[in-house]
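Read the structure below first, then the notes.
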Protein chains: 2
Amino acid sequence: MSLYQTIKEALADLTFSSDTPGKLPSERQLQQQFNSTRVTVREALMRLEAEGVIYRQNRIGWFLCPKRLLWDPIQKVNFYQLAKNQGLKAKTELLTCKQTRASNEICQAFTLDKQSDFYEIYRIRYLDDRPVMVEEIYCPVQQFPGLTEKALDSSITTIFQDDYQVKVSHEQSDIIVTALPDNKAEQLNLNGGAACLKIIRKRFNEQQELVDYNIEYWLHSAIEMRVQSN
Amino acid sequence: MSLYQTIKEALADLTFSSDTPGKLPSERQLQQQFNSTRVTVREALMRLEAEGVIYRQNRIGWFLCPKRLLWDPIQKVNFYQLAKNQGLKAKTELLTCKQTRASNEICQAFTLDKQSDFYEIYRIRYLDDRPVMVEEIYCPVQQFPGLTEKALDSSITTIFQDDYQVKVSHEQSDIIVTALPDNKAEQLNLNGGAACLKIIRKRFNEQQELVDYNIEYWLHSAIEMRVQSN
DNA sequence: CAGTGGTCTAGACCACGAT
DNA sequence: TCGTGGTCTAGACCACTGG
């Protein structure tokens, strides 16, 4: 068996008895401990990261992954409720909210022309204070005047419903595995290139009109999906 | 911008005009071309792999990814039908089929004791002759006597229905992103450690009895999910 | 057999975080 | 300021693929 495999298994077995709980020893410490080089140690670490056992914070170190959030893409349960049901603390941070002209792709999805204005909302979501998701939300200004004034660090669905009487009745999600883009990784204080789940979600009102175009990047080790079909 | 980022973007722009269509130049060629080292070139390649742009076959080289198979985890469409609808050629290869005592986890799922015998079926699935998935299927011998004699390189669901009058009426899928385990990677002629979608699917008959326990590993770049909710 | 990717060594410099 | 991870160099040997 290769050396990095050995290191990987040894690390997986470790109780990671470091100063900070959940934090792994530094790469140079591991290199000495296993009498190897940083390249090889990092190979082992990156495998464990790919498996979803550990994750890294940019220039800080490697950490053990907590358990994944279980999510059913069919159920329209909001993030806070979902987290609470699973004993996790949810938090949302609003990064930016501005009025823009959106990309062609998004205009087309809304069947609006390129002159239309959209709100563009960037948010980060945390579970137990760990950043796990970054999202972009687009919705037409016309339909949601004054949206910037609302409490955008809460549930958008609730705002739609309570403040605008818009009820989401149908949604479609496209889900792929890809690498976290560098600009998104930066917002999460993580490294680009790590596996992530990219979810493009379109939500429609009762008249089947698109009201909300949402792009989410989930840290792959933070989420698990469960779906039922009858 | 870092060198491997530059290389990554240059590679992404390339039309990959190599001998074999879809195959990238060798790592040493790229190293010369970009006046760098293999480590750095491989960093760029692995990023592209993580993004789902290219994949590698063990000791053969790097290849461009064809388009992903679109899959709705709610619909119970069989693999051949799904592929055909999307203009892809599906193929299944039976690796092994044997009678065993299954693991505790699986016995428990079936609510059978540890003495029960199961069929254990290993298969590989191909799209346009590219291996994209490896699976393990467990089902109780008691319920499917003589299953080994059937054409196990076709649809199991069809065999259940036609040969055993067992109709799958309900199923549950757990889906996570993880790394392809080395033993599975080997069966696919791929490298361990690449991102994959692991799907654990339990299928039930009309009496809500578990009939089929299925573990699938999909090459992450080969699949995309789309779900609707009402 | 030549060429490929898989693994590994033993260094180096940098930007950034913690202190 | 010191230690961290992020990036990079310039090699090496091996197992395996393909001709």
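So that the names make sense, note that chain A is the first sequence line, chain B the second, and so on, each numbered from 1.
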Between B/Arg42 and B/Thr37: side-chain donor-acceptor atoms closer than 3.5 Å:
no
Give A/Arg38 one of three labels, base, sugar-phosphate or nothing, depending on what nucleic acid heavy atoms sit under 4.0 Å from its own.
base
Base, sugar-phosphate, or nothing: which does A/Thr37 touch, judged by heavy atoms less than 4.0 Å apart?
base
Crowded around B/Lys84 NZ? As in, over 12 foreign heavy atoms under 6.0 Å?
no
Toward the 5' end of DNA chain C, which comes first, A/Arg59 or B/Val39, by nearest nucleotide?
B/Val39
For DNA chain D, determine which residues of residues 181-194 of chain B have any heavy atom closer than 4.0 angstrom to one of its atoms, and list them numerically.
none
Looking at CD1 of B/Ile175 and CH2 of B/Trp218, how far apart are the two atoms once the value is rounded to the nearest 0.5 Å?
11.5 Å
Answer yes if the side chains of A/Arg125 and A/Thr92 hold a donor-acceptor pair under 3.5 Å, and no otherwise.
yes
Taking atom C1' of D/dT17 as reference, at what distance in whole Å does atom CZ of B/Phe63 sit?
11 Å
Comparing nearest nucleotides in DNA chain D, the 5'-proximal residue of the pair A/Asn58, B/Thr40 is A/Asn58
Six-ring centre of A/Tyr217, A/Lys184 cation under 6.0 angstrom, axis tolerance 45°
no
Between B/Tyr213 and B/Glu105, do the side chains contain a donor N or O and an acceptor N or O under 3.5 Å apart?
yes
Earlier contact from the 5' end, DNA chain C, for B/Gln29 and A/Gln5:
B/Gln29
Over how many whole Å does the gap from B/Gln57 atom CD to D/dC16 atom P extend?
17 Å
Going 5' to 3' on DNA chain C, which nucleotide is the first and which the last to come under 4.0 Å of a heavy atom in chain B?
C/dT4 to C/dT7
Salt-bridged, A/Asp72 to A/Arg226, with N to O below 4.0 Å?
no
To the nearest angstrom, the CD1-C1' distance between B/Ile60 and D/dG18 comes to 8 Å
Salt bridge between B/Asp129 and B/Lys89, side-chain N to carboxylate O under 4.0 Å?
yes
Over 12 non-hydrogen atoms of neighbours within 6.0 angstrom of CD in A/Glu186
no
Counting any heavy atom closer than 4.0 Å, what does B/Arg42 reach on the DNA or RNA strands: base, sugar-phosphate only, or nothing?
base
